[in-house]
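Numbering of ligands and ligand atoms starts at 1, following listing order.
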Amino acid sequence: MRIVVKFLQSNVGSANVRCDVTQVELARDPSSEPESLPGSEADGRDDQPWWRNAVVYQVYVRSFADANGDGVGDLAGVRSQLPYLRDLGVDALWFNPWYPSPLADNGYDIVDYRAIDPAFGTLDEAEQLISEARELGIRTIVDVVPNHVSNEHPWFKAALAAGPGSPERERFWFRTTEGPPNGWQSIFGGSAWTQVEDGEWYLHLFAPEQPDLNWTHPDVWAEHEDVLRFWFDRGVAGVRIDSAALLVKDPTLREPADEPGPGEHPFQDRDELHDIYRGWRAIANGYPEQRVLVGELWLPDAERLARYLRPDELHTAFNFDFLSCPWDRDALHASIESALAAHAPVDAPTTWVISNHDVTRPVTRYGRDDTSFSFQTKREGTPTDLARGTRRARAAALLSMALPGSMYVYQGEELGLPEVEDIPAERRRDPMWIRSGGVDPGRDGCRVPLPWSGDKPPFGFSGPDAAPPWLDPPGNWGSLTVAAQTEDPASMLSLYRTGLRLRRSAPWGRDAELRFVDAGENVLAFARGERFTCLVNFGSEPVALPADADVLIASNDLEGGAVPQDTTVWLCQAEAQAPTPAPPDRIGKEGR
Ligand code: NOJ
C-alpha cells in the first residue's frame with residue numbers, strides 16, 4: 001500500500017481557501033517548539049473554540065503504557081508517551097476513569113472522584129500530566145460518572161450501615177418490597193435490583209457493584225458540581241459524562257411502555273436531565289477558558305440528542321449513530337446527513353467516532369458480513385476478513401477526518417489493532433461477559449495493552465522483567481507496534497499521522513460547510529469549500545478521478561489514478577470550485 005500525498009505547486013489566491021498541503025508541516029511540526037493551545041483566548045490562531053473541531057484521543061490508562069512494570073498501564077506511562085501523542089497530532093486526551101475503584105466495571109465503579117487509583121499513580125502526577133500535555137498543545141478531558149458509584153463508595157457503605165428508612169439511603173434507590181420492585185433490567189443483564197441483607201432492594205442499571213444515585217437528592221447535585229470544579233480547578237479542559245441519558249428516573253418506578261414516546265421512558269432521556277446539564281454548563285462557563293461538557297448519550301433519535309446540545313447545555317456528544325453504522329454508502333450518507341441536520345439548529349458541532357472502549361475494534365467489525373455495531377448482536381467467532389476490515393477502517397478514518405466537527409480516536413485505532421477474541425475465560429473481567437454467562441463476549445477484546453515495540457509480548461507495553469500485562473497482547477502483533485509502523489509510510493499509523501496533519505491544515509478552508517455531490521450510486525462524495533472534495537468508493541468498480549483534481553491523500557493505493565473499492569480520497573481542484581467526480585456513465589477503469 002502506498003499513501004499518496006501530493007504537494008501542490010501553486011499557492012491559493014484566497015485566504016479562505018487552503019488546499020496547499022505544504023502548510024501541513026507548518027501546522028504541527030513535531031520538532032517545533034510547543035505551540036500555545038489553539039482556540040484559547042490567548043492563542044488567536046483560530047477564531048473557533050478549540051472543541052468545535054478538535055481531535056480527541058481516548059486514553060484507556062490501564063492499557064496504554066506501563067512505566068512501573070506491574071503489568072498495568074499508569075500515568076507515568078502516559079507522560080512518557082506524550083511526544084507520541086503530539087506527533088500523532090491530537091488536540092486533547094480523554095482519560096477513561098482514573099479514580100480509585102474495585103474494578104467491578106474496570107473503573108466505572110468509583111470510590112473517590114477526587115483521587116487517582118494507586119495502580120495509576122497520584123493526584124500530583126495527574127496534575128503534572130495535565131500541565132505537561134498542555135505544554136505540548138494538548139488539553140485533558142476526564143471522565144465523570146454521575147449515574148452510579150461503587151458499592152464501596154463511602155455513601156453506599158453509609159447507606160448500608162444506616163439501614164432502611166435512613167437519610168443515607170435516600171441518596172440511592174432503595175425499596176422495601178417482597179421481590180424486585182419492578183422488572184427493570186440491568187444493561188449488563190439480569191434484574192436491575194439487588195437485595196441487601198436487611199431485605200431492601202437497591203437499583204443498579206449496570207452491575208450490582210454500581211448502585212444508581214438518586215438525582216432528586218440535593219446532595220447528589222452538590223457533590224457532582226463540586227467534583228466538576230475540583231477537576232476544572234486543576235486545569236482539565238472538560239469532562240466526558242458517562243451514561244449521561246440515564247441519571248434521572250421516574251420516581252414511580254413504572255415499567256417502560258413497549259414503544260415509549262420521546263421523554264416517556266422511566267429511566268432514559270428524561271426531560272429533567274436538562275436542568276442538571278444547564279447547571280453544569282453554568283459552572284463550565286464560569287472559567288476564563290471555558291470548560292467543555294461531552295455527553296455519552298446513546299439515543300436513537302438525532303433530534304432528541306441535539307436537545308442536550310442547546311447553547312446552555314452540553315458542548316458536544318458522541319455520535320453513536322455513525323459509530324454503529326454499517327460500511328454501506330447509503331447508510332453512512334443518511335447518518336452523516338441526519339447528524340448534520342440535527343446539530344445545525346442548536347449550532348453544535350457534530351462528532352465523528354468509529355471506536356471506543358466499549359465496541360468491537362473497527363478492523364474486525366468492518367471485516368464481517370454485518371459491519372454495523374450493536375451490543376445485542378455481538379458474538380465471538382464471527383467470520384472476519386481482517387484485510388478487508390483494515391482497508392475499510394482506513395477509508396472510514398479518512399472519511400471521519402474530512403467531516404466537519406470534532407473527531408475521536410480510541411487508542412490502538414491508529415494502529416489498526418483487531419479485536420482480541422481468544423482471551424482465556426479466567427483472564428476476562430468484563431461484567432458484560434460475566435453476567436451473560438459468556439454469551440456476550442464483553443469488551444475485554446478491545447482493551448488489550450498497546451504494542452509499542454519489539455517482536456514479542458508485551459511489545460514494549462512494560463519494560464523487561466515486568467509482571468505480565470493484565471491482558472496479553474496476541475503474539476502476532478509484532479507488525480502492529482508503534483515502532484514497526486512509524487517508519488512504514490503505508491501503515492495505519494502513518495495514515496492517521498498524515499491525515500490528521502492534513503486535517504489540521506483545513507484544506508477545505510475555514511468553516512467550510514459540507515455539500516453532498518452526486519458521484520454515482522456506489523460513491524459517497526461531498527465537497528467542502530471551493531476546492532475540496534472527499535470521495536469514498538464502496539463499489540467493486542474503480543472510480544475515475546476528475547482530470548483537474550489533485551489527490552491530497554488516499555486511504556489505499558489508487559489503481560492507475562482510479563479509486564478502488566473501500567477507498568477514500570481527498571481531492572483538491574486547481575480551479576476555485578470543488579471538483580465534481582465523473583458522473584456514473586463516465587466512471588471507468590482508466591486512470592487519468
Ligand atoms: C458507559 C461506559 O463507556 C462503559 O464502559 C461503562 O461500563 C458504563 N457506561 C457504565 O458506567
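The ring-ring contact (aromatic ring centres under 6.0 Å, His included) test with W98 is passed by exactly one of W231, F64, Y108: W231. Partner of F318 under the ring-ring contact (aromatic ring centres under 6.0 Å, His included) criterion, chosen from W352, W94, W298: W94.
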Item to complete: Mind running side chain to side chain contact (heavy atoms under 4.5 Å, CB included) on Y84 and L493 for me, showing each step along the way?
Response: CA-CA 11 Å; Y84 167 75; L493 179 58; 3.5 Å; yes
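Salt bridge R240/D242: present, at least one basic N to carboxylate O contact under 4.0 Å. Ion pairing between D444 and R427 fails under the 4.0 Å rule for side-chain N and carboxylate O. Here R435 does not pair with D430 in a salt bridge; the nearest charged N to carboxylate O distance is not below 4.0 Å.
Each of the atoms 7 (O) of ligand 1 lies under 4.0 Å from some heavy atom of F188. Shown in contact with H148 at under 4.0 Å from a heavy atom are these atoms of ligand 1, numbered in order with element: 10 (C), 11 (O). Near F206, meaning under 4.0 Å from one of its heavy atoms, ligand 1 places the atoms 8 (C), 10 (C). Contact atoms of ligand 1 toward R443: 4 (C), 5 (O), 6 (C), 7 (O) (distance under 4.0 Å to a heavy atom of the residue). Applying the 4.0 Å criterion to heavy atoms of D358 picks out, from ligand 1, the atoms 1 (C), 2 (C), 3 (O), 4 (C), 5 (O). Each of the following atoms of ligand 1 lies closer than 4.0 Å to a heavy atom of H357: 2 (C), 3 (O), 4 (C), 5 (O).
Of all the heavy atoms of Y60, none lies under 4.0 Å from any atom of ligand 1, so neither backbone nor side chain is involved. Contacts between R447 and ligand 1, counted as non-hydrogen atom pairs separated by less than 4.0 Å, involve the side chain only.
In terms of protein heavy-atom proximity, atom 11 (O) of ligand 1 is closest to D242 OD2, 2.7 Å. When hydrogens are left out, the protein atom nearest atom 6 (C) of ligand 1 is D105 OD2, 3.3 Å; that is the closest non-hydrogen contact.
Heavy-atom distances between M432 and ligand 1 stay at or above 4.0 Å for every pair.
R169 forms a cation-pi arrangement with F174, by the criterion of a distance under 6.0 Å to the ring centre and an angle within 45° of the ring axis. In this structure, R281 fails the cation-pi test against Y277, since its NZ or CZ atom is not both closer than 6.0 Å to the six-membered ring centre and inside 45 degrees of the ring normal.
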